[in-house]
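Hydrogens, waters and symmetry mates are skipped; everything else that's a heavy atom, side chains included, is used.
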Amino acid sequence: MYPSWTLPDPDTQPDFYSDTPVKRLIAWLVDTVLIALICVLILPFTAFTGLFFFPFLMLVVGFFYRWFTIASRSSTWGMRLMAVEFRRGDGQLFDAGTAFLHTLGLTVSFALPVLQLISVAMMLFSPRRQGLTDHMLGTVAVNRRAVS
């Protein structure tokens, strides 16, 4: 579907990284609403006992939602709406293993707020707009190229 390419250089091709932190935030909000809706749909199947552990349900559903959507097209539905996708260090789309590690890193970052603050600061000030998990995995979020 996509030709093989390497990561764009932020100095010579800044458009690939332009506004990605804001787009990722909006995508995260969209995804959170979708995850909450999925959890509400699941509640009747738990005989509404899911209300007692709703945050845990959100965590589990959110993890699988992110893992599966990122593994399928290298972006969540919110990211697709915002025209952003993840790329590995070699420029390829995420595979299931990379999607799992990235989702795990995001989950750990949300569990430890100091890590999330570091990640946000890195997204705002690093040349490739990489968060902490992106930096550790050598991945980036880029504006999706137009496909003709």
Side-chain angles (χ1 to χ4, degrees), residues 1-43 46 50 53-147:
M1 182 172 191
Y2 291 101
S4 177
W5 56 293
T6 59
L7 293 180
D9 184 295
D11 295 325
T12 60
Q13 297 173 303
D15 290 344
F16 278 98
Y17 304 102
S18 177
D19 301 323
T20 54
V22 173
K23 288 180 174 185
R24 286 177 79 169
L25 174 63
I26 296 169
W28 178 81
L29 292 170
V30 169
D31 291 330
T32 301
V33 169
L34 289 172
I35 291 164
L37 290 173
I38 293 167
C39 289
V40 167
L41 292 173
I42 290 172
L43 280 178
T46 68
F53 55 91
F54 197 75
F56 180 73
L57 183 63
M58 286 275 297
L59 176 77
V60 171
V61 169
F63 187 92
F64 283 101
Y65 165 85
R66 283 179 172 61
W67 179 19
F68 292 141
T69 56
I70 292 172
S72 70
R73 287 186 37 204
S74 218
S75 58
T76 64
W77 290 340
M79 292 172 69
R80 292 172 199 171
L81 179 69
M82 298 308 301
V84 174
E85 67 185 5
F86 286 121
R87 293 289 178 153
R88 297 184 324 206
D90 62 1
Q92 297 299 312
L93 296 172
F94 277 18
D95 55 13
T98 308
F100 176 83
L101 291 174
H102 199 279
T103 303
L104 181 63
L106 176 78
T107 303
V108 170
S109 289
F110 279 130
L112 302 168
V114 69
L115 294 180
Q116 190 59 31
L117 288 174
I118 291 168
S119 188
V120 169
M122 291 176 73
M123 281 185 220
L124 294 175
F125 300 112
S126 66
R128 284 197 164 101
R129 306 294 186 226
Q130 293 170 288
L132 182 60
T133 301
D134 296 317
H135 190 74
M136 291 176 64
L137 294 175
T139 61
V140 296
V142 294
N143 290 312
R144 189 173 56 228
R145 298 186 311 167
V147 179

Specify the closest pair of heavy atoms between [X] and [Y], including all atoms of both residues, with the distance to one decimal.
| X | Y | answer |
| --- | --- | --- |
| S119 | L132 | OG-N, 3.0 Å |
| T69 | R66 | OG1-O, 3.4 Å |
| A71 | A99 | N-CB, 3.6 Å |
| R24 | R129 | NH1-O, 3.8 Å |
| P113 | A111 | CD-O, 3.5 Å |
| V61 | I42 | CG2-CD1, 3.7 Å |

- Query: Between S75 and R80, does any side-chain donor sit less than 3.5 Å from a side-chain acceptor?
  - Reply: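 There is such a pair (donor and acceptor under 3.5 Å, judged by atom type) between the side chains of S75 and R80.
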With heavy-atom distances below 4.5 Å as the criterion, would you say the side chains of [X] and [Y] are in contact?
| X | Y | result |
| --- | --- | --- |
| F54 | L43 | yes |
| F86 | V140 | no |
| R144 | V84 | no |
| V30 | V33 | no |
| I70 | T103 | yes |
| W28 | M82 | no |
| L7 | R128 | yes |
| P127 | D11 | no |

- Message: Quick check against the 3.5 Å criterion: does Q130 have a side-chain atom that pairs as donor or acceptor with the backbone of T139?
- Response: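 Indeed, once roles are kept as given, a pair shorter than 3.5 Å links the two residues.
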How long is the gap from [atom1] on [X] to [atom2] on [Y], to the nearest 0.5 Å?
| X | Y | atom1 | atom2 | answer |
| --- | --- | --- | --- | --- |
| W77 | S72 | CH2 | OG | 8.5 Å |
| L101 | D95 | CG | CG | 9.0 Å |
| I35 | L57 | CD1 | CG | 10.5 Å |
| L115 | L106 | CG | CG | 11.5 Å |
| M79 | S74 | CE | OG | 7.0 Å |
| F16 | D9 | CZ | CG | 11.0 Å |

- Message: One pair to check against salt bridge (Lys or Arg N to Asp or Glu O under 4.0 Å): D134 and R87. What are the steps and the verdict?
- Response: CA-CA 10 Å; D134 296 317; R87 293 289 178 153; over 6 Å; no
- Message: Can you confirm whether or not the ring centre of W67 sits under 6.0 Å from the ring centre of F94?
- Response: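 For W67 and F94, the ring centres are not under 6.0 Å apart.
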- Query: Which class fits the ring pair F63 and F100: parallel under 30°, tilted 30 to 60°, perpendicular over 60°?
  - Reply: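 Rings of F63 and F100: perpendicular, as their planes differ by over 60°.
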- Message: Restricting to ring pair (Phe, Tyr, Trp, His ring centres under 6.0 Å), what partner residues turn up for Y17, sequence neighbours left out?
- Response: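 Y17 satisfies ring pair (Phe, Tyr, Trp, His ring centres under 6.0 Å) with no residue once adjacent residues are dropped.
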